[in-house]
Q: 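Here it is, the structure in full.
Atom set for the values below is all heavy atoms of this structure, side chains included, hydrogens, waters and symmetry mates excluded.
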Amino acid sequence: MMAVLSCLSVVLLFYIVCVKTVLSEKVPAPENVRAISLNMGLVLKWDPPQSTTNKLFNYTAEMKGWSKYETVCLSSSSLSCDFTDKVAIFGTYQLRVQAEVHGESSDWVETEELSVDLKTVISAPHVELRSRKGQTEVDITDPPMKRKNLRDVFGNISYLIRFWKKGETKKEEIRREQNRVMLPRLEPLVNYCVEVEILYLKNRSQTSNMTCLMNTPSDKVEPHVIIVVLLVSCLVVSVTVVLIFLAVWYGYKGCKIMFPDTDLPEDLKKFLSQRPQSSIPSTMQESTPVREHFCELRILHKEPNSFQDNQQIEGPIGIQTHKHECCIGADVKKNSEKKTEMINITTEQKLLLAERD
């Protein structure tokens with residue numbers, strides 16, 4: 001009896017294994033199941049079974065949050081299922097999917113537990129370049145999120161900006177928190193290319209497309225030009241002020257001369273208005289020079305050789321002068337052709353003259 005039961009158990013077990021194998025071969029499970037989160041969305045994707053051909057499969061996808069699984073996509077022919085509207089940003093979830101054909105289902109294929117905020121990938125930002133007066137500005141626009149806003153979810157985010165001269169491999173990087181950034185140290189009339197990434201938490205977004213723009217000419221004035229202009233301006237202003245001052249001063253003086261403040265005395269006015277009575281003005285107006293009169297004075301002195309001569313010297317000394325008119329300061333006796341003047345000199349004066357000789 002025991003042998004019979006043992007044989008029946010073996011046969012039953014073999015039957016169950018065979019049936020299960022037949023069923024599993026009949027409905028294979030989906031392949032390459034993967035959860036994708038982009039811009040805070042959550043989508044489960046998979047590939048159809050490859051072991052069978054010419055069969056149309058339907059798929060059922062479910063999600064488990066805190067307790068049990070919840071069906072989101074039921075018997076759908078799509079190769080993906082969107083869970084975005086069913087999940088919270090900071091929640092933890094597990095997803096699964098199975099294939100169905102002719103009322104029969106495959107085994108479930110499950111994913112690992114995942115959090116949307118950690119799993120999600122941020123797409124590339126939109127970048128625009130504007131150049132004005134030798135400076136290029138980068139305008140960055142965050143990609144649209146499926147849930148909320150990028151800054152609302154991650155708080156402070158920053159942008160990693162790379163820029164380089166077109167055709168060169170050397171790139172410069174700057175990190176900014178503003179979405180409008182002026183690129184530093186750019187040369188005018190040079191073509192620059194820019195790409196941007198968003199940095200959030202410890203991750204980074206996809207890299208934006210390369211955007212290129214030629215920098216405009218610079219209107220910046222060099223420092224030495226400013227100094228020269230200031231010096232020339234100061235010199236021109238100084239010269240102008242001096243010229244204006246001199247013009248005003250000499251104009252004022254001229255007005256004073258042409259239009260004096262005080263009038264001439266009445267007596268002087270009468271004198272100037274009268275006809276000259278003397279002959280002096282008329283003589284001054286004559287062209288012929290006036291002859292000047294002068295006096296010729298001669299002093300004769302003789303050395304004494306003897307006592308007699310000395311006595312003779314004590315007499316008056318004769319001084320001759322020839323003139324037609326009287327000389328001032330001497331007692332002169334006039335003669336019609338020749339005049340002789342006698343000057344009495346005292347004894348002391350004679351001795352003084354003798355000592356000098």
Side-chain angles (χ1 to χ4, degrees), residues 30-47 61-66 69-70 72-73 78-97 109-130 136-164 166 168-185 192-213:
E31 298 179 0
N32 194 20
V33 177
R34 58 202 180 274
I36 298 175
S37 178
L38 180 65
N39 296 335
M40 309 308 297
L42 183 59
V43 178
L44 184 65
K45 293 185 176 182
W46 57 86
D47 295 333
E62 296 180 349
M63 175 193 70
K64 184 178 73 170
W66 297 103
Y69 280 98
E70 176 185 356
V72 176
C73 297
S78 176
L79 297 176
S80 64
C81 182
D82 193 350
F83 293 85
T84 301
D85 296 334
K86 302 294 182 178
V87 298
I89 296 175
F90 302 103
T92 302
Y93 302 93
Q94 188 174 14
L95 311 178
R96 68 180 185 180
V97 63
V109 180
E110 297 180 346
T111 64
E112 296 180 355
E113 291 186 351
L114 57 91
S115 297
V116 177
D117 59 327
L118 300 177
K119 179 70 175 178
T120 191
V121 175
I122 305 301
S123 61
H126 178 69
V127 177
E128 291 184 2
L129 300 181
R130 300 184 183 90
T136 298
E137 182 185 41
V138 182
D139 190 358
I140 306 171
T141 303
D142 296 335
M145 298 291 103
K146 301 291 183 64
R147 304 289 299 273
K148 294 188 177 182
N149 185 277
L150 182 62
R151 293 182 180 271
D152 295 338
V153 176
F154 298 107
N156 294 330
I157 63 173
S158 59
Y159 303 97
L160 181 64
I161 304 172
R162 301 186 188 92
F163 62 97
W164 65 95
K166 190 174 182 179
E168 296 185 1
T169 57
K170 183 180 179 181
K171 299 181 180 181
E172 295 187 37
E173 292 185 356
I174 57 175
R175 182 172 177 172
R176 297 290 186 271
E177 294 183 356
Q178 299 81 10
N179 56 1
R180 286 189 176 182
V181 180
M182 198 70 69
L183 297 180
R185 303 179 300 276
Y192 285 90
C193 297
V194 177
E195 61 183 14
V196 181
E197 292 180 357
I198 301 175
L199 304 180
Y200 61 98
L201 298 179
K202 296 182 179 181
N203 300 322
R204 59 180 60 192
S205 70
Q206 298 175 352
T207 304
S208 66
N209 294 329
M210 183 178 64
T211 307
C212 299
L213 180 68

Q: Please collect all side-chain hydrogen bond (donor to acceptor under 3.5 Å, both in side chains) contacts where either partner lies in residues 172-183, sequence neighbours excluded, each pair once.
A: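 Residue pairs passing side-chain hydrogen bond (donor to acceptor under 3.5 Å, both in side chains), neighbours aside: Ser158-Arg175, Arg162-Glu173, Glu172-Arg185.
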Q: Check whether any side-chain heavy atom of Phe83 lies under 4.5 Å from a side-chain heavy atom of Val43, and answer yes or no.
A: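 No; the side chains remain at least 4.5 Å from each other.
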Q: Has Ser80 got a side-chain atom pairing as donor or acceptor with Lys45's backbone, closer than 3.5 angstrom?
A: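 Here the side-chain-to-backbone pair does not exist.
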Q: Could you give the distance from CD (Glu70) to CE (Met63), rounded to the nearest 0.5 Å?
A: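 Interatomic distance, Glu70 CD to Met63 CE, rounded to 0.5 Å: 5.0 Å.
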Q: If you compare all heavy atoms of Tyr200 against all heavy atoms of Ile157, which two are closest, and at what distance to 0.1 Å?
A: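 Heavy atoms of Tyr200 and Ile157 come nearest at CB-CG2, 4.1 Å.
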Q: Atom CG in Leu213, atom CG in Leu183: separation rounded to 0.5 Å?
A: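 Leu213 atom CG to Leu183 atom CG measures 10.0 Å (nearest 0.5 Å).
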Q: What is the minimum heavy-atom distance between Trp164 and Met210, and which atoms define it?
A: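 Looking at all heavy atoms of both residues, the shortest contact is CZ2-SD, 3.4 Å.
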Q: Does the side chain of Leu160 reach to within under 4.5 Å of the side chain of Arg204, using non-hydrogen atoms?
A: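 Counting from C-beta outward, Leu160 and Arg204 do come under 4.5 Å.
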Q: Is a side-chain donor-acceptor pair under 3.5 Å present for Thr207 with Glu197?
A: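 A pair is found: one side chain offers a donor N or O, the other an acceptor, under 3.5 Å apart.
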Q: Which salt bridge (charged side-chain N to carboxylate O under 4.0 Å, His left out) pairs, counting each pair once, include a residue from residues 80-91, with sequence neighbours left out?
A: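 Salt bridge (charged side-chain N to carboxylate O under 4.0 Å, His left out) check on residues 80-91 returns no pairs.
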Q: What residues form a side-chain contact (heavy atoms from CB on, under 4.5 Å) with Ala124, not counting sequence neighbours?
A: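 By the side-chain contact (heavy atoms from CB on, under 4.5 Å) rule, Ala124 matches Gln206, Ser208.
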Q: Are the side chains of Cys81 and Trp46 in touch, meaning some heavy atoms are under 4.5 Å apart?
A: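 They are in contact (side-chain heavy atoms under 4.5 Å apart), so the answer is yes.
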Q: Run the numbers on Val121 and Asn39 for side-chain contact (heavy atoms from CB on, under 4.5 Å), then give the verdict.
A: CA-CA 6 Å; Val121 175; Asn39 296 335; over 6 Å; no
Q: Side-chain contact, heavy-atom cut-off 4.5 Å: Leu44 with Val97?
A: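 Heavy-atom side-chain distance check passes, below 4.5 Å.
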Q: Of all heavy-atom pairs between Gly41 and Ser37, which one has the smallest distance, and what is that distance?
A: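 Heavy atoms of Gly41 and Ser37 come nearest at O-OG, 2.5 Å.
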Q: Compare every heavy atom of Val127 with every heavy atom of Val138, then report the nearest pair and how far apart it is.
A: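 Where Val138 meets Val127 most closely, the heavy atoms are CG1-CG1, 3.9 Å.
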Q: With sequence neighbours left out, write down each residue that passes side-chain contact (heavy atoms from CB on, under 4.5 Å) with Gln94, or none if nothing qualifies.
A: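 In terms of side-chain contact (heavy atoms from CB on, under 4.5 Å), with neighbours along the sequence ignored, Gln94 is linked to Lys64, Tyr69, Glu110, Thr111, Glu113.
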Q: Table please: side-chain donor-acceptor pairs of residues 141-148 below 3.5 Å, with sequence neighbours left out.
A:
from, atom 1, to, atom 2, distance (Å)
Asp142, OD1, Tyr159, OH, 2.6
Asp142, OD2, Tyr159, OH, 3.3
Arg147, NH1, Thr84, O, 2.9
Arg147, NH1, Val87, O, 2.5

Q: Can you name the closest pair of heavy atoms from Asp117 and Met40 and give their distance?
A: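 In this case the closest contact between Asp117 and Met40 is CA-CE, 4.2 Å.
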Q: Mind listing the closest non-hydrogen atom pair of Val116 and Ala88 along with its distance?
A: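 Looking at all heavy atoms of both residues, the closest pair is CG2-O, 3.7 Å.
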Q: How far does CD1 of Ile122 sit from OG of Ser205, to the nearest 0.5 angstrom?
A: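 Interatomic distance, Ile122 CD1 to Ser205 OG, rounded to 0.5 Å: 7.5 Å.
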Q: Can you confirm whether Thr211 sits close enough to Cys193 that some side-chain heavy atom of one is under 4.5 Å from a side-chain heavy atom of the other?
A: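 Thr211 vs Cys193: side chains apart.
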Q: Please assess Thr120 against Phe154 for the test side-chain contact (heavy atoms from CB on, under 4.5 Å), listing each intermediate value before the final yes or no.
A: CA-CA 12 Å; Thr120 191; Phe154 298 107; 4.2 Å; yes
Q: I'd like to know if the side chain of Asp139 and the backbone of Leu129 have a donor-acceptor N/O pair within less than 3.5 Å.
A: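 Pair absent, no side-chain N/O of Asp139 close to backbone of Leu129.
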Q: Before you tell me yes or no, could you show the steps for Ile198 and Leu150 under side-chain contact (heavy atoms from CB on, under 4.5 Å), namely the whole-Å CA-CA distance, both residues' side-chain angles and the distance that decides it to 0.1 Å?
A: CA-CA 10 Å; Ile198 301 175; Leu150 182 62; 4.0 Å; yes
Q: Taking side-chain contact (heavy atoms from CB on, under 4.5 Å) as the test, write out the residues that go with Asp47, two or more places apart.
A: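 By the side-chain contact (heavy atoms from CB on, under 4.5 Å) rule, Asp47 matches Asn32, Arg34.
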